[in-house]
Amino acid sequence: MNSSAMQHSSHCTTLRGTAYVRQTLCCNRRIRQGKRLLRGVVTLCAGKVLLEVKDLEAKVAETGNTILRGVNLTIREGETHAIMGTNGSGKSTLSKCLVGHPDYEITGGSVTYKGEDLLEMEPEERARAGIFMSFQSPVEIPGVSNSDFLRLAANARRKQRGEPELEPLEFYGFVMPKLAALKMNPDFLNRDVNANFSGGEKKRNEILQLSVLEADVAVLDEIDSGLDIDALRDVADAVNGLKRPDSATLMVTHYKRLLNYVVPEAVHIMEAGRIIYSGGLEVADILEKDGYEGIKTLIKKEAAAGREPVAA
Ligand SMILES: Nc1ncnc2c1ncn2[C@@H]1O[C@H](COP(=O)(O)OP(=O)(O)OP(=O)(O)O)[C@@H](O)[C@H]1O
């Protein structure tokens, strides 16, 4: 099984007519930075919980090496979360566990998606249910044209929703504005999936898939890597344009630059298979300024003040 096979379908939820209320919840956390006392504010939505990860533990199926050691994360409708963390801390593993990647075995904890046990669902079911992951290194699928791949994926979702499938010509009408939004040349539709695409083109193509699949939870693993400045802006604009009040975005990134464009309500720091700290965008600022030592200093200060450091 490859990554694209796991994300070949999507979910388009009709926007609910209920009023959507955003509110700002302040973490009971204060961050002293220099002489200023900042309030660590996590702006969260009052939406329903979409995804709830509790004490998730996972190991590499082949080697038995434990990677995730108790991850906790709650994502609500309308929210954007970012996960940052040192190389090898388990960010991609967490992302892949969410889509049911067969390389990993869940050894503990739970993941609830829209109230259902996500871990009981096959990867294809997760994709049909609206979970999408863009991979750090998108796979190439020689012999399968991008347009066929995207159309089949879109139709799998439409079928699931009881909507009529799109014929090739109709699909072109559906996908062309999405290509335009990503400033992608329509020629990309005729090429094989990711085959000989540049790194940046692959990333745009991942977001094109997300766009066609209209996912409810978009897990974007280092979507910013390999993108030039203009491409980063295009991709970020597209990601922002795809957000809906009832969807959510989880981004894995190493750099704040992506977060300047796709602004998260919460930033989580991962280390050794756990989320060790959560806060607002200021966490990314501290990281950029002082590196992971800055986060550790923050955690120590909060612990010394008797405050619970994790608010995932
Ligand atoms: N399929 C696998 N087989 C063997 N080891 C694995 C596998 N997947 C992950 N690992 C190991 O698990 C650890 C976490 O990897 P993961 O890719 O999740 O880290 P990451 O936080 O995303 O890192 P980076 O920031 O470098 O992308 C690493 O030590 C990695 O080598």
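Whatever order the structure lists them in is the order used to number ligands and atoms, beginning at 1. The figures that follow rest on heavy atoms only: side chains count, while hydrogens, waters and symmetry mates do not.
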The protein heavy atom nearest to atom 13 (C) of ligand 1 is Gly88 O, 3.7 Å

For Asp103 and ligand 1, answer yes if some heavy atom of the residue is under 4.0 Å from a ligand atom, otherwise no. yes

Of all protein heavy atoms, the one nearest atom 18 (O) of ligand 1 is Thr93 OG1, 2.6 Å

Using side-chain contact (heavy atoms from CB on, under 4.5 Å) as the criterion, point out the one residue from Val267, Leu259, Thr249 that pairs with Thr80. Thr249

Nearest non-hydrogen protein atom to atom 12 (O) of ligand 1, with distance, is Ile67 CD1, 2.9 Å

Using only heavy-atom distances, determine whether the side chains of Asp55 and Asn72 contain a donor-acceptor pair under 3.5 Å. yes

Would you mind running through ligand 1 and noting each atom that sits below 4.0 Å from a heavy atom of Gly90? 14 (C), 18 (O), 19 (O), 20 (P), 21 (O)

Ligand 1 atoms in contact with Thr86 (distance to a heavy atom under 4.0 Å): 21 (O)

Of the listed options (Lys91, Met84, His101), which comes nearest to atom 25 (O) of ligand 1 when hydrogens are ignored and any heavy atom counts? Lys91

Taking 4.0 angstrom as the limit, do Glu271 and Lys296 come out as a salt bridge? yes

List the closest protein heavy-atom neighbour of atom 17 (O) of ligand 1: residue, atom name, distance to the nearest 0.1 Å. Ser92 CB, 3.5 Å

State plainly whether one hydrophobic cluster holds both Met184 and Ile141, where clusters connect Ile, Leu, Val, Met, Phe, Trp and Tyr through side-chain heavy atoms under 4.5 angstrom apart. yes

Check whether any heavy atom of Leu94 sits under 4.0 Å from an atom of ligand 1. no

For Thr63 and ligand 1, answer yes if some heavy atom of the residue is under 4.0 Å from a ligand atom, otherwise no. no

For Gln136, the ligand 1 atoms whose distance to one of its heavy atoms is below 4.0 Å: 27 (O)

My understanding is that only one of Thr74, Val111, Leu118 makes a side-chain contact (heavy atoms from CB on, under 4.5 Å) with Glu52; could you say which? Thr74

Is at least one protein non-hydrogen atom found at under 4.0 angstrom from atom 9 (C) of ligand 1? yes

Check whether any heavy atom of His254 sits under 4.0 Å from an atom of ligand 1. yes

Note the single closest protein heavy atom to atom 3 (N) of ligand 1, along with its residue, its atom name and the distance in Å. Val60 CG1, 3.4 Å

Answer yes or no: does atom CD of Glu116 have more than 12 heavy-atom neighbours from other residues, nucleotides or ligands under 6.0 Å? no

Does ligand 1 have an atom under 4.0 Å from some heavy atom of Met270? no

Just to verify, which of Arg126, Arg128, Lys114 counts as forming a salt bridge (charged side-chain N to carboxylate O under 4.0 Å, His left out) with Asp216? Lys114

Just checking, any donor-acceptor pair under 3.5 angstrom between side chains of Thr253 and Asp224? yes

re atom 24 (P) of ligand 1, the protein heavy-atom contact at minimum distance is Asn87 ND2, 3.6 Å

Any side-chain donor-acceptor pair under 3.5 Å between Lys159 and Asn155? no

Atoms of ligand 1 under 4.0 Å from any heavy atom of Tyr104, numbered from 1 in the order shown, are 1 (N), 7 (C), 8 (N), 9 (C)

Protein heavy atom under 4.0 Å of atom 27 (O) of ligand 1: yes

Hydrophobic cluster identity match, Leu150 and Phe174, side-chain contacts under 4.5 Å: yes

Please confirm whether Lys96 approaches ligand 1 to less than 4.0 Å, judged on its heavy atoms. no

Look at the aromatic rings of Phe188 and Phe197 and report parallel, tilted or perpendicular, splitting at 30° and 60°. perpendicular

Are more than 12 heavy atoms from other residues, nucleotides or ligands located less than 6.0 Å from atom OH of Tyr255? no

Please state which part of Glu222 comes within less than 4.0 Å of ligand 1, counting heavy atoms only: side chain, backbone, both or neither. side chain

